[in-house]
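Each remark here refers to the structure printed beneath this line.
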Amino acid sequence: MQCLEVKGIEKVFGGLKAVSELDFSVEAGSVYAVIGPNGAGKTTLFNMLSGAYIPTSGSILFNGVEVAGLSPHKIASFGITRTFQNLQIFWNMTALENVMVGCHLKGSCGIFSALFRLPRMMAEEKHLAAFASEAIAFCNLNDWKHVKANAMPYGILKKLEIARALAAGPRLILLDEPAAGLNDTETAEITGLITQISSQGVTVLLVEHHMGLVMTVADRVLALNYGEKIAEGTPHEIQNNRKVIEAYLGQNS
């Protein structure tokens, strides 16, 4: 069953086509990777899928529902969450507090209850902390639960963003370069975490430059160059595709 269907999606900035007539689909419960050199349109694609950008044209169907052009919070309410290439962390908040931000869709209290710390709000906050604690434990961050983000090493912060995205209970999680800047040990931990996420039935859409990680976790791979699809297939097929080697893999060989 298809979880995500992208049909003819485009994003034009002035006269520049950042993404051009892109079609692909992602099977529910799978790990689907998007690769390509810098400027290929990968992050632009993620921004359209998550609502940060409105597509110039095309369709994005998530479990049969059109989400193209919807606001980020509305798309998140359907079950799509994401991480960012550049960390988006609340530095003066603890790991628990950061991850609780990802639980806001599970809350129902209004601003009045929050301002006056009414019993209903206090009970809800305790409930959301439990959700956040589960995500923290899943990402093996218990030792950092009450540590402020500004005291955490970079590798832990990358996992913290994933924990926050998981706390919302997504059906599809978008991971934007989760291994960027990590050493081999940290990359291995992220690789294992992605596999764990998929094993829980959550669909993973991944943008990543680390080809070892991609070849290990991905069921299918989409290769972009200059905003256009140049190849799609299994990791083995992509690894041996001449266009991909010339456009992307060959740059690092």
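FYI, side chains are in, hydrogens and waters are out, and symmetry mates aren't considered; it's all heavy atoms of this structure.
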Indicate yes or no for a side-chain donor-acceptor contact from T81 to the backbone of A165 under 3.5 Å, with no hydrogens or angles considered.
yes

Let's go through H236 and T234 carefully: what are the C-alpha distance in whole Å and the side-chain angles of both, what is the deciding distance for side-chain hydrogen bond (donor to acceptor under 3.5 Å, both in side chains) to 0.1 Å, and is it a yes or a no?
CA-CA 5 Å; H236 178 74; T234 66; over 6 Å; no

Donor-acceptor contact present, side-chain K11 to main-chain I54, <3.5 Å
yes

Heavy-atom neighbours of K229 NZ exceed 12 at 6.0 Å
yes

Could you check whether K158 pairs with E186 (Lys NZ or Arg NE/NH1/NH2 to Asp/Glu carboxylate O, under 4.0 Å)?
no

Can you see whether Q2 engages S25 through a side-chain donor-acceptor pair at a distance of less than 3.5 angstrom?
yes

Check: E228 main-chain N/O paired with K17 side-chain donor or acceptor under 3.5 Å
no

Counting N and O atoms only, with roles assigned by atom type, does the side chain of N98 sit under 3.5 Å from a partner on the main chain of F90, one being a donor and the other an acceptor?
yes

What class does the angle between the rings of Y32 and F24 fall in, given that below 30° is parallel, 30 to 60° is tilted and above 60° is perpendicular?
parallel

Is the distance from the ring center of F46 to that of F84 below 6.0 Å?
no

Could you tell me whether R164 and E161 have a side-chain N and a carboxylate O separated by less than 4.0 Å?
yes

Between the OG atom in S198 and the CG atom in L193, the distance rounded to the nearest 0.5 Å is 11.5 Å

Worked verdict on L22 versus L45 for side chain to side chain contact (heavy atoms under 4.5 Å, CB included)
CA-CA 9 Å; L22 183 60; L45 171 63; 4.0 Å; yes

Donor-acceptor check, side chain of E66 to backbone of A68, threshold 3.5 angstrom: yes or no?
yes

Quick one: CG on N150 to CE on M93, what's the gap to the nearest 0.5 Å?
12.0 Å

Donor-acceptor under 3.5 Å (D23 side chain, G8 main chain)
yes

Could you check whether atom CG of N140 has more than 12 heavy atoms from other residues, nucleotides or ligands sitting under 6.0 Å from it?
no

